[in-house]
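Note sheet for the following structure.
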Protein chains: 2
Amino acid sequence: MNFDQLADTLKALSDPTRLKIIALLQIRDCCVCELVPLFEISQPAVSKHMSRLKNADLVKESRKGMWVFYSLNRDRLNEIGISLTNLPDLSEELRQLEQQGLLVQCD
Amino acid sequence: MNFDQLADTLKALSDPTRLKIIALLQIRDCCVCELVPLFEISQPAVSKHMSRLKNADLVKESRKGMWVFYSLNRDRLNEIGISLTNLPDLSEELRQLEQQGLLVQCD
DNA sequence: CAACATTATAACCATATGGTTATAATGTTT
DNA sequence: AAACATTATAACCATATGGTTATAATGTTG
């Protein structure tokens with residue numbers, strides 16, 4: 001990977017919101033409406049963050065009904081040689097979402 | 001490391017010029033006047049890049065006479081879990097600099 | 001079909017970023 | 001001391017970034 005490509009990919013990771021999204025996707029695939037209540041930003045802002053991650057090939061999307069679920073592209077992370085395994089654990093946040101009935105069941 | 005700190009550090013790495021500087025420092029400590037002819041940007045621009053890397057604790061500086069030499073903070077790179085060992089090899093660029101008499105001898 | 005739910009896009013705004021030139025600060029050499 | 005070499009800082013500029021609100025696009029449900 002050349003310097004420009006790697007810089008672009010790192011830039012896509014260089015944002016606290018996107019890093020937190022990555023940390024969440026390490027636990028579980030998520031759709032946009034699940035992510036929104038975890039951040040104090042608007043739905044379009046979350047949507048734009050997902051676009052940024054998708055353009056950098058860091059996540060994959062798949063539509064399920066009216067939801068768009070995003071999953072981590074772990075191969076890509078390995079490719080760029082960054083181990084994001086030491087990110088803060090967000091399991092508790094997801095558990096709270098579930099309690100509030102904000103996790104989507106679609107299978 | 002929390003999300004904000006990691007994002008700041010990754011942002012310091014998310015630039016092709018700074019990645020190339022990191023690649024050079026993996027081979028050899030360098031001073032600003034050695035780096036300038038390797039890039040098509042001004043001396044102040046290189047100086048600002050070094051400030052950015054130093055603020056992120058990714059490099060250390062040490063003055064030797066009128067030169068300021070920068071070295072890689074490898075511990076820091078390990079800390080953030082990024083392996084930049086697959087960057088393009090710039091040994092040839094440094095060899096050409098040496099031929100042009102642009103490498104500083106100060107010991 | 002109509003109303004609703006979810007996601008994406010458009011237009012806009014304030015701040016950050018990466019460059020420039022000019023100049024100051026620091027150290028060396030004559 | 002004066003001239004030179006190296007590096008950092010200041011002031012500025014164009015573009016990128018990350019947010020907003022409004023609205024379009026897509027799919028579901030009554």
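Proteins get letters first, then strands, A, B, ... in listed order; numbering begins at 1 in each. It should be emphasised that the depicted structure is a prediction, and the values quoted were computed from it without experimental measurement. Basis for what follows: all heavy atoms, side chains included, without hydrogens, waters or symmetry-related copies.
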Under 3.5 Å, which donor-acceptor pairs do the side chains of residues 12-23 of chain B form with other protein atoms, sequence neighbours left out?
from  : atom 1 : to    : atom 2 : distance (Å)
B:S14 : OG     : A:L10 : O      : 3.3
B:S14 : OG     : A:K11 : N      : 3.3
B:S14 : OG     : A:S14 : OG     : 2.7
B:S14 : OG     : B:L10 : O      : 2.6
B:D15 : OD2    : B:T17 : N      : 2.9
B:D15 : OD2    : B:R18 : N      : 3.1
B:R18 : NE     : B:A12 : O      : 2.6
B:R18 : NH1    : B:H49 : ND1    : 3.0
B:R18 : NH2    : B:K11 : O      : 3.4

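- Toward the 5' end of DNA chain C, the nearer of the two residues B:A45 and A:Y70, judged by each one's closest nucleotide, is A:Y70.
- Between atom CZ of residue B:F69 and atom SG of residue B:C33 there is a gap of 7.0 Å, rounded to the nearest 0.5 Å.
- Shown for residues 9-27 of chain B: residues whose heavy atoms fall under 4.0 angstrom of DNA chain C, namely B:K11, B:D15, B:T17, B:R18.
- B:R95 places no side-chain N or O within 3.5 Å of a backbone atom of B:L97 that could act as its donor or acceptor partner.
- Remark: side-chain polar atoms of B:R28 are not paired, donor with acceptor, to backbone N or O of B:L94 under 3.5 angstrom.
- Minimum atom distance to the side chain of B:R52 is reached by C:dT17, of the listed D:dA8, C:dT9, C:dT17.
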For residues 39-47 of chain A, run the donor-acceptor check on the side chains, cut-off 3.5 Å, and write out each pair with its distance to 0.1 Å, sequence neighbours left out.
from  : atom 1 : to    : atom 2 : distance (Å)
A:S42 : OG     : A:A45 : N      : 3.3

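- DNA chain D lies under 4.0 Å from at least one heavy atom of each of the following residues of residues 35-44 of chain B: B:Q43, B:P44.
- Base pairing in DNA chain D gives the following stems of 3 or more Watson-Crick or G-U pairs, range against range and under 3.5 Å: C:1-30 with D:1-30.
- Residue A:V68 has its side chain nearest to C:dT7 when only D:dT9, C:dT9, C:dT7 are considered.
- Atom CD in B:E34 sits roughly 12 Å away from atom C1' in D:dT6 (whole-Å rounding).
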Item to complete: Determine, for nucleotides 25-30 of chain D in 5'-to-3' order, which nucleotides have protein heavy atoms under 4.0 Å from the base (write B), from only the sugar-phosphate (write S), or from neither (write -).
Response: --SS--

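- For A:S47, taking side-chain heavy atoms from C-beta onward, the closest of the listed nucleotides D:dA11, D:dA8, C:dA8 is C:dA8.
- Atom NZ in A:K48 sits roughly 11 Å away from atom C1' in D:dT21 (whole-Å rounding).
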